[in-house]
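One structure is given here, and the rest of the page talks about it.
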Amino acid sequence: MKYDFKSIEQKWQKIWDEKDLYAAKNDYSLPKFYPLVEFPYPSGQGLHVGHPRSYTALDIVARKKRLMGYNVLYAMGWDAFGLPTENYAIKNHIHPEIVTKNNVANFKKQLKSLGLSFDWSREINTTDPDYYKWTQWIFIQLFKKGLAYKKEMSVNWCTSCKVVLANEEVVNNACERCGSEVVRKVKSQWMLKITEYAERLINDLDEVDYVERVKVSQKNWIGRSSGAEVTFKTTAGDDLLIYTTRPDTLFGATYMVISPEHPMVDKWKDLIGNFSEVEKYREEALRKSDFERTELVKEKTGVRLDGVMGINPVNGKEIPIFISDYVLMTYGTGAIMAVPAHDDRDWDFAKKFSLPIITVVAGGNAEEAAYTDCAEGEMVNSEFLNGLSVAEAKEKIIAYLTEEGIGKEKVNYKLRDWVFSRQRYWGEPIPMVNCPDCGWVPVDEKDLPLTLPDVESYQPTDNGESPLSTIESFVNTTCPKCGKAATRETDTMPQWAGSSWYYLRYCDPNNDSALASKEALNYWGPVDWYNGGMEHTTLHLLYSRFWHKFLYDIGVVPTKEPYAKRTSHGMILGENGEKMSKSRGNVVNPDDIIEEFGADTLRIYEMFIGDFEKAAPWSVSSVKGCKRFLERIWSLLDILTEGEEYTSDLESLMHKTIKKVSYDIENLKFNTAIASLMSLLNAVSDKGSINKAEFKTFMLLLNPFAPHITEELLQLAGFGVLAEECKWPEYSEEKCKESTLVIPVQINGKLRSKLSVSADKSEEDIINMALSDEKVAEFIAGKTVLKKIYVKGRLLNIVVK
RNA sequence: GCGGGUAUGGCGGAAUUGGCAGACGCGUUAGAUUCAGGUUCUAAUGGUCGCAAGGCUGUGCAGGUUCGACCCCUGUUACCCGCACCA
């Protein structure tokens with residue numbers, strides 16, 4: 001009989017669907033397991049072969065856990081708001097809702113053809129008003145707690161998308177999505193105060209099981225540094241507040257630098273002798289993009305403010321003040337003290353402007369370079385700090401500054417607040433009303449969802465306002481508080497909003513009185529295992545952790561962290577080793593692979609392709625190899641014999657394979673799990689027969705990877721049950737052991753012989769056997785045996801001279 | 001520049017975490033089956049010397065620790081990813 005994958009896969013997908021086999025049970029007494037994969041943006045291009053890598057991996061975990069008796073919630077949905085859909089709608093004059101609907105239908109068909117065991121009854125869509133009702137509800141809660149606020153600010157404006165971008169979405173001063181130039185523009189924006197959670201977002205990483213590189217990138221993104229804020233007096237009378245991570249070096253501060261945007265520059269206009277020069281520099285700096293600023297990294301620029309001097313608070317010395325674009329208004333206080341002896345940037349700057357360099361930590365050579373890595377050094381030239389270590393000096397100076405009232409310990413973060421407004425149509429309307437008397441008032445919660453109005457044109461306006469601003473019936477409303485005429489906010493939310501809490505909705509997707517019931521959240525939360533791409537490890541992960549923590553604070557969710565475990569898969573590259581893209585012409589369409597080789601082959605291949613966490617290039621011939629493996633599995637039917645127990649020559653291998661596959665699935669080592677199943681197949685082929693007990697175990701081990709063919713084979717072999725009704729095979733540690741061992745014998749670390757011994761032989765026996773072994777004897781003849789090292793069951797090394 | 005990572009056959013990758021390097025798969029070669037192509041089967045396959053038994057050598061490079069190093073330490077090179085003067 002031929003392996004007809006097409007009809008087999010269709011048959012079983014239909015059966016699974018009809019039996020609703022993978023629906024998570026609402027029986028909260030069962031042990032639960034909640035795996036999660038990032039829900040896709042349903043783009044017009046359809047599924048990419050990268051998607052199934054993640055989905056199949058956790059599908060394997062989900063299927064295994066079900067066989068182990070867990071109640072598993074594995075669900076899928078659509079992160080469907082977003083620019084590409086809107087742009088497509090504008091271009092083709094089709095409502096984004098229709099575009100979304102079509103794309104979703106296509107994605108769903110594709111996902112189903114992969115045989116993924118999603119609970120489709122829990123499907124969600126961020127553009128569904130029943131869903132975004134709760135996205136809006138969360139926003140209102142944030143507003144009520146003072147975590148959403150409006151701010152007039154200079155924002156990144158994409159000249160092509162005509163939209164404000166978050167800092168995080170700007171890459172090299174170009175728009176992350178379209179690559180166009182980004183310029184600065186002042187707008188009033190809704191902001192979310194994620195910075196208030198910075199400390200907890202770092203600290204609570206200790207409580208979760210994330211792969212290390214993900215933790216590191218979260219920490220770097222938040223960027224905590226601890227130091228001190230110090231007040232410097234000036235000859236102008238005004239104070240300058242600076243931030244430093246090295247307050248211990250205060251005696252080495254020989255000048256100050258403030259950001260060109262610093263408000264004092266204007267305030268001192270009349271005092272500054274060279275103001276026209278200063279103004280010119282400032283204009284240049286403002287015009288420069290961040291990218292240009294970075295390109296100038298080698299050469300420091302700046303202008304001294306003539307007529308104003310800073311005063312070092314610890315020794316009263318007057319020091320010059322400069323403006324320079326290497327100091328950013330957006331970080332710290334926008335002003336620094338410069339210690340050229342112990343900071344590279346300050347050193348470069350001091351050299352260029354011939355400023356004094358005072359060493360305050362002994363050990364370096366201030367003439368050649370800044371001595372920055374000086375934690376071990378001893379303080380010098382620092383009056384009451386002399387002789388102390390850097391750490392002691394830090395402590396003492398902070399105590400001194402605090403006592404004198406001129407400074408205090410201070411922690412800073414690179415993390416900035418989240419720009420939450422988008423001037424686009426295809427997003428969740430921000431549910432706020434601007435009342436001339438009451439100010440910003442949230443829409444009454446009972447009036448949620450505030451739905452997107454139906455419009456003709458989604459074109460963004462040239463002045464940068466949202467398309468919603470042109471719809472009077474939407475804009476004009478009454479104040480929910482006082483009832484007077486008022487206007488609505490017309491900006492919409494960013495795509496990150498809907499994806500920040502979707503995993504909560506899966507727990508209870510149809511609830512219309514809460515985002516999910518308490519019982520459901522208590523039972524399912526937190527997500528046990530979340531897998532996704534490395535590209536989402538800073539933004540999406542950080543935003544959703546922030547929202548989750550907020551929801552925890554207001555008593556909505558029971559856990560501090562949303563995801564107990566987070567892993568990341570590597571990218572699938574084109575056959576040429578480059579990133580898959582249309583322009584490179586190396587895109588592989590999963591539909592074609594399924595059509596030609598079948599879903600099981602695609603699943604096996606994507607899991608076998610290499611280290612799950614690393615990028616791997618596509619290879620058509622390897623796909624064929626995986627198909628060949630399944631063909632050989634299929635022909636096991638021809639050599640199937642009766643038998644209720646494992647046969648003695650396969651018993652140990654069966655147990656070892658169960659152990660290996662079980663371990664590997666839990667540890668992201670799908671490639672070696674498959675390799676061990678291939679080895680088992682080779683052993684069975686060599687033997688020429690497989691009995692029913694062995695066959696059943698084999699099929700169950702393979703089932704999570706290749707569910708269709710294994711269901712079919714189990715049925716054909718007369719088991720007559722769904723894999724789902726079976727138990728995951730168990731192994732015994734005792735039976736993994738072989739009765740005879742092969743002990744390699746080394747002489748001076750070089751392999752010289754191998755001994756085949758029964759497993760119960762003692763160390764002494766083995767050494768004696770080795771010494772009388774022909775080859776060993778040859779190599780030790782005429783030499784003195786110095787040492788015999790025996791590693792139990794592993795190896796024997798004889799050291800001779 | 002900073003942070004993280006990687007380097008193993010012709011290719012993708014294994015190596016129980018200091019104990020037989022190259023599992024498993026692809027590719028290649030030879031043979032069998034086939035009218036032929038494909039499929040399937042059998043065998044070989046890091047390099048090198050050798051008719052062979054076997055020897056030597058081999059995990060980016062240079063050292064070191066160890067009975068023993070792909071694995072640990074020091075230095076170095078190349079590449080990939082992230083961040084961009086964060087005081």
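All heavy atoms count here, side chains included; hydrogens, waters and symmetry mates do not. Order of the sequence lines sets the chain letters (A, B, ...), proteins ahead of strands, with each chain counted from 1.
Checking the phosphate oxygens (OP1, OP2) of B/G25, a side-chain nitrogen or oxygen of A/Asn682 falls inside 4.0 Å. At the phosphate of B/G55, OP1 or OP2 sits under 4.0 Å from a side-chain N or O atom of A/Arg752. Phosphate contact (OP1/OP2 of B/U57, side-chain N/O of A/Lys750, threshold under 4.0 Å): present.
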What protein N or O atoms touch nucleotides 40-44 of chain B N or O atoms at under 3.5 angstrom, if any, and at what distances?
{"residue": "B/U40", "atom": "OP1", "partner": "A/Arg628", "partner atom": "NE", "Å": "3.3"}

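Here B/U17 is in the syn range [glycosidic angle within 90° of 0]. The glycosidic torsion of B/G9 lies within 90° of 0, which places this base in the syn conformation.
For the 3.5 Å distance criterion, the side chains of A/Asn531 and A/Arg53 fail to qualify, holding no donor opposite an acceptor. Between the side chains of A/Asp239 and A/Thr231, no donor-acceptor pair is found at a separation under 3.5 Å.
As a whole-Å value, the separation of A/Lys614 NZ from B/A14 C1' is 11 Å. Regarding A/Asn671, its CG atom lies at a distance of 9 Å from the C1' atom of B/C24, rounded to whole Å. Following rounding to the nearest Å, A/Gln218 (CD) and B/G82 (P) show an atom-to-atom distance of 16 Å. Here B/G13 presents its P atom at 14 Å from CE of A/Met607, a figure rounded to the nearest Å. Atom NE2 of A/His540 is separated from atom P of B/G82 by 18 Å (rounded to the nearest Å). Rounding to whole angstrom units, CZ of residue A/Phe349 and P of B/C85 are separated by 16 Å. In this structure, A/Lys624 places its NZ atom 18 Å from P of B/G12, rounding to the nearest Å. Going from atom OH of A/Tyr663 over to atom P of B/A14 covers 14 Å, rounded to whole Å.
Separation of the P atoms belonging to B/U65 and B/G10 is 32 Å when rounded to the nearest angstrom. Here, B/A62 and B/C71 have their P atoms 13 Å apart, quoted to the whole Å. When the C1' atom is compared between B/G82 and B/C67, the two are found 43 Å apart, to the nearest whole Å. For the P atoms, the distance linking B/A69 with B/U76 amounts to 24 Å, nearest Å. If you take atom P in B/U66 and the same atom in B/U17, they sit 23 Å apart, rounded to whole Å. With C1' as the reference atom, B/G64 and B/G18 are 16 Å apart, rounded to whole Å. Here, B/G75 and B/A84 have their P atoms 29 Å apart, quoted to the whole Å. Rounded to the nearest Å, the gap between the C1' atom of B/G22 and that of B/G12 is 13 Å.
Under the Watson-Crick and G-U wobble criteria, each requiring two contacts below 3.5 Å, nucleotide B/A84 is left unpaired. In this structure B/A7 sits in a base pair with B/U77, meeting the Watson-Crick or G-U test at under 3.5 Å. With a cut-off of 3.5 Å on both pairing distances, the Watson-Crick or G-U wobble partner of B/U45 is B/G27. In this entry B/A52 has no Watson-Crick or G-U wobble partner, no candidate having both defining distances under 3.5 Å.
Under a cut-off of 6.0 angstrom, the local environment of CD in A/Glu666 is crowded, with over 12 non-hydrogen atoms contributed by other residues, nucleotides or ligands. Around NZ of A/Lys215, the count of heavy atoms belonging to other residues, nucleotides or ligands within 6.0 Å exceeds 12.
With sequence neighbours excluded, the residues forming a side-chain contact (heavy atoms from CB on, under 4.5 Å) with A/Ala350 are A/Tyr255, A/Pro340, A/Leu355, A/Ile357, listed by chain and number.
Salt bridge status for A/Lys659 with A/Glu733: present, with a side-chain N to carboxylate O gap under 4.0 Å. A salt bridge links A/Arg224 and A/Glu199; the closest N-O separation between the charged side-chain nitrogens and carboxylate oxygens is under 4.0 Å. Between A/Arg345 and A/Asp343, at least one side-chain N (NZ, or NE/NH1/NH2) sits under 4.0 Å from a carboxylate O, which counts as a salt bridge.
Closest to the side chain of A/Leu328, out of B/A87, B/G68, B/C24, is B/A87. Of the candidates B/G55, B/G3, B/A87, the closest approach to any side-chain atom of A/Asn220 belongs to B/G3. Checking B/G19, B/C67, B/A87 against every side-chain atom of A/Val327, the shortest atom distance belongs to B/A87. Between B/A87, B/G13, B/G55, one nucleotide has an atom nearer to the side chain of A/Asp611 than all others, and that is B/G13.
Counting only residues at least two apart or on different chains, no side chain to side chain donor-acceptor pair (under 3.5 Å) pair has a member in residues 781-792 of chain A.
Residues A/Lys669 and A/Pro744 both approach RNA chain B. Their nearest nucleotides, taken by heavy-atom distance, put A/Lys669 toward the 5′ side.
Side chain A/Lys754 to base B/C20: a donor-acceptor pair is found below 3.5 Å.
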